[in-house]
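Have a look at the structure below before the remarks.
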Amino acid sequence: MALIVQKYGGTSVGSIERIHAVADRVKRWVDQGHQIVVVLSAMSGETDRLLGLAKQIQERPEPRELDVLLSTGEQVTIALLSMALAATGCPARSYTGGQVHILTDSAHNKARIRDIDAARVRADLDAGRVVVIAGFQGIDEQGDITTLGRGGSDTSAVAIAAALKADECQIYTDVDGVYTTDPRVEPKARKLARITFEEMLEMASLGSKVLQIRSVEFAGKYRVPLRVLSSFDEGEGTLITFEEDAVEDAKISGIAFSRDEAKLTVLGVPDQPGVAHQILGPIADANIEVDMIIQNIADQAATTDFTFTVHRNDYARALEILQTTAHALGARQVLGDARIVKISLVGVGMRSHAGIASQMFASLAKEGINIRMISTSEIKISVVVDEKYLELGVRTLHDAFGLDRDGSD
Ligand code: ASP
Ligand code: MG
């Protein structure tokens, strides 16, 4: 008998029919003798609908009031699922975050969980009931309702699993697992049976938006075994594991990419101490995050070129700031390009296999794809290329590193 936390996302509880399907699935686990805690999102589209209502009244509603409103979406689904479970002969009880006492800080709309009182949940489980908890919400020390930020019910589920020391946290969604890359870009993308936490963090932060990234960090920190699977079909999904040796013996586990990149270059800045700080200081002060950075070796003239990337949304502002800095530094010219993308190979196998970078560069060169920037970390190699090469680049690398699904399935 295992204690399992199951989280169902918005599409999985998007209609009465779907809610019945979730109840049937939960009942099958209960019938096998497991203790089940369910964490739910609001019905798909509901949180956006509520936000829309608020915006019709005020462009910037008070964050506290917004939380009172947004938390209602999950209150609807927990009650409906408990009723559906009862209808299948499976006793269940629903709880809001406040009722469980999911204690958070008071940062409304982006609160962080501090503590969870598991006593009441345990008592229900021991009495043979399924416990259904509203995701995405908690309560602060004053007793005010808080929410955890969009996609926050993934984090609720992981935190509840950690507090209960559950055997597994299962995240049911509309995809059947974590893929080697986005199947919309590479139809030959393959579902991974396992991936490590480190790899999942890289894949998630690089744009494979299967799980809220905070939930993965949380699961890694509290060592909660996490599984992503579909609520629409059967299957084992993808297990996110701590053991590297349990992962397939591949050099590369996946290819992540991001279309939201832009790069900025300042040409002919003096090659002297403090220049990097002078260039990036004002960017940081404007709260703009910098990703890759390259500084060239100085030529005879003792000047250098400095290039960095930012999120595309920050491009215009960063360019403006850089122009001011460049002027102050006496630099020759500022260049910018918002039509670039980043493609990254991710895999813990990189640690034990040499020559991955050169294999990557050779494959891209063969297709005539020019690499504009490169950066590496222990389990990741990223390149920046022109936007028009995104699909070709991803597919070329997917094939070159043997990630393609074989034709048989
Ligand atoms: N309902 C919330 C949202 O749409 C939380 C969640 O679904 O995870 O962001
Ligand atoms: Mg979600």
Side-chain angles (χ1 to χ4, degrees), residues 181-182 185 202 205-208 255-346 356-377 380-397:
T181 196
D182 186 340
V185 169
E202 294 290 358
S205 59
L206 292 168
S208 312
I255 299 173
F257 57 84
S258 159
R259 301 180 199 267
D260 307 319
E261 308 283 321
K263 80 177 162 67
L264 300 110
T265 300
V266 48
L267 296 174
V269 291
D271 185 26
Q272 63 194 36
V275 167
H277 172 66
Q278 274 174 279
I279 294 172
L280 295 181
I283 302 280
D285 293 343
N287 249 326
I288 297 174
E289 220 176 291
V290 170
D291 181 15
M292 291 191 202
I293 302 169
I294 291 181
Q295 187 191 296
N296 284 344
I297 296 201
D299 58 14
Q300 254 92 20
T303 62
T304 181
D305 303 336
F306 194 96
T307 302
F308 59 95
T309 63
V310 297
H311 193 282
R312 217 174 270 188
N313 292 345
D314 294 324
Y315 174 63
R317 223 152 36 96
L319 195 60
E320 218 178 274
I321 294 169
L322 190 59
Q323 256 140 4
T324 311
T325 313
H327 187 75
L329 282 171
R332 196 164 72 242
Q333 199 184 350
V334 171
L335 303 171
D337 188 352
R339 305 188 56 180
I340 55 152
V341 293
K342 180 169 72 173
I343 304 178
S344 307
L345 296 183
V346 176
I356 309 262
S358 66
Q359 191 184 343
M360 178 186 199
F361 305 154
S363 312
L364 294 173
K366 220 164 74 197
E367 296 298 329
I369 300 175
N370 197 17
I371 301 171
R372 306 246 172 228
M373 295 175 84
I374 302 167
S375 83
T376 66
S377 75
K380 178 181 78 172
I381 306 170
S382 303
V383 295
V384 165
V385 300
D386 291 348
E387 189 174 68
K388 63 179 181 216
Y389 292 129
L390 176 83
E391 280 78 12
L392 179 62
V394 169
R395 286 181 201 147
T396 299
L397 295 173

Show me the donor-acceptor pairs, under 3.5 Å and distance only, between side chains in residues 362-371 and residues at least two apart or in other chains.
from	atom 1	to	atom 2	distance (Å)
Ser363	OG	Gln359	O	2.8

Sorted by chain and number, sequence neighbours left out, side chain to side chain contact (heavy atoms under 4.5 Å, CB included) with Glu320 holds for none
In this structure, CG of Asp305 is separated from OG1 of Thr307 (nearest 0.5 Å) by 6.5 Å
Residues pairing under side-chain hydrogen bond (donor to acceptor under 3.5 Å, both in side chains) where one sits in residues 328-341, two or more places apart or in two chains, turn out to be Arg339-Glu387
Interatomic distance, OG1@Thr181 vs CZ@Phe257, rounded to 0.5 Å, equals 5.0 Å
One should read off an interatomic distance between Leu322 CG and Leu264 CG, to the nearest 0.5 angstrom, of 6.0 Å
Here the gap from Leu319 atom CG to Leu335 atom CG, rounded to the nearest 0.5 Å, amounts to 9.5 Å
In this structure, CD1 of Ile294 is separated from CZ of Phe306 (nearest 0.5 Å) by 10.0 Å
Stepwise, does the side-chain contact (heavy atoms from CB on, under 4.5 Å) test hold for Thr303 with Asp271? CA-CA 5 Å; Thr303 62; Asp271 185 26; 5.9 Å; no
Sequence neighbours excluded, the answer for side chain to side chain contact (heavy atoms under 4.5 Å, CB included) partners of Ala262 is Val310, Arg312, Tyr315, Ala338
For Thr396 and Leu392 the tightest heavy-atom approach is OG1-O, 2.6 Å
inquiry  = Side chains of Ile343 and Ile255, heavy atoms from C-beta outward: is any pair under 4.5 Å?
reply    = yes
The side chain to side chain donor-acceptor pair (under 3.5 Å) partners of Arg372 (sequence neighbours excluded) come to Asp386
Side-chain polar contacts of residues 273-292 - donor-acceptor pairs under 3.5 angstrom, sequence neighbours left out - could you list them?
from	atom 1	to	atom 2	distance (Å)
Asp291	OD2	Lys342	NZ	2.5

Closest heavy-atom pair, Leu390 versus Arg259, reported as atoms and distance to 0.1 Å, is CD2-NH1, 2.9 Å
Can you check whether Asn296's main-chain N or O pairs, donor with acceptor, with Thr304's side chain at less than 3.5 Å? yes
When Ser382, Ser377, Ser375 are each screened for side-chain contact (heavy atoms from CB on, under 4.5 Å) with Ser344, the one that passes is Ser382
